[in-house]
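Accompanying notes for the structure given below.
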Amino acid sequence: AQRVTQPEKLLSVFKGAPVELKCNYSYSGSPELFWYVQYSRQRLQLLLRHISRESIKGFTADLNKGETSFHLKKPFAQEEDSAMYYCALSGITSGTYKYIFGTGTRLKVLA
Amino acid sequence: NAGVTQTPKFQVLKTGQSMTLQCAQDMNHNSMYWYRQDPGMGLRLIYYSASEGTTDKGEVPNGYNVSRLNKREFSLRLESAAPSQTSVYFCASTSRGYGYTFGSGTRLTVV
């Protein structure tokens, strides 16, 4: 079955500490992986795509096909990083393009 | 600005009333989606339209109907609102290989 698992509902870290938001996936094939961010009472915004291998707002994510993971990392957390983060994958299943979201992790950065 | 536009932003309904949530995108995306977001449950797919002229059920379609009016517009209808449909509703669009672009959401309360 295709799924995206974000094992932590809530992650609290202190300002300046490293952050790692975990994402594991199950998919038969070669999916594309994404991270989205949702700041308080705002719309979800695309943060990262694994294809582009970019760094946005200091965040990076590496696709590990062996471990089927796409963890989101930042070396030094900032208070403005406090938000809800969703991992998602897309791919073709039975001839249909599908998009699957994880249940999200709330990141709280403490002063 | 290019993007996904949702209306209304807020709505209060009485149980049994009907309403239609409107969504339009101007990015020439093929696929459009309706999600609901509830505390602790992440995003749940209600319906989606992979391309103009097609619609399919998602994870939680009961109590909803959709119409893909044209490539730009994808509406969500609640025929007889129930308190369990109190939620924040997001419309999104994408074309294959790209991330989602989300609307700003509709906060619906059914009393």
Checklist entry - Does CD in A:E67 sit with more than 12 non-hydrogen atoms of other residues, nucleotides or ligands closer than 6.0 Å? => result no
Next on the checklist: Within the 4.5 Å heavy-atom criterion, are A:Y99 and B:Y48 side-chain neighbours or not?
Outcome noted: no
Item to check | Contacting region of A:Q38 [heavy-atom separation from chain B under 4.5 Å] | outcome: side chain
Next on the checklist: Assigning hydrophobic clusters by single linkage (Ile, Leu, Val, Met, Phe, Trp, Tyr; side-chain heavy-atom cutoff under 4.5 Å), is B:Y89 placed with B:L45?
Outcome noted: no
Checklist entry - Above 12 or not: heavy atoms from other molecules or residues under 6.0 Å from NZ of B:K71? => result yes
Item to check | Within residues 103-111 of chain B, residues adjacent to chain A where the heavy-atom gap is under 4.5 Å | outcome: B:G103, B:S104, B:R107
Item to check | Transitive ILVMFWY side-chain link A:M84 to A:L46, under 4.5 Å | outcome: yes
Checklist entry - For A:R106, does the CZ atom have more than 12 heavy-atom neighbours from other residues, nucleotides or ligands under 6.0 Å away? => result no
Checklist entry - Out of A:F34, A:Y86, A:W35, A:F101, which one pairs with B:Y100 under the ring-ring contact (aromatic ring centres under 6.0 Å, His included) rule? => result A:F101
Checklist entry - Does A:L63 belong to the same Ile/Leu/Val/Met/Phe/Trp/Tyr cluster as A:L47, with side-chain heavy atoms less than 4.5 Å apart forming each link? => result yes
Item to check | ILVMFWY network linking B:V60 to A:V4, side-chain heavy atoms under 4.5 angstrom | outcome: no
Item to check | Residues, nucleotides or ligands: over 12 heavy atoms within 6.0 Å of A:Y39 OH | outcome: yes
Checklist entry - Given that the side chain runs from C-beta out, which part of B:E59 has a heavy atom under 4.5 Å from chain A: side chain, backbone, both or neither? => result neither
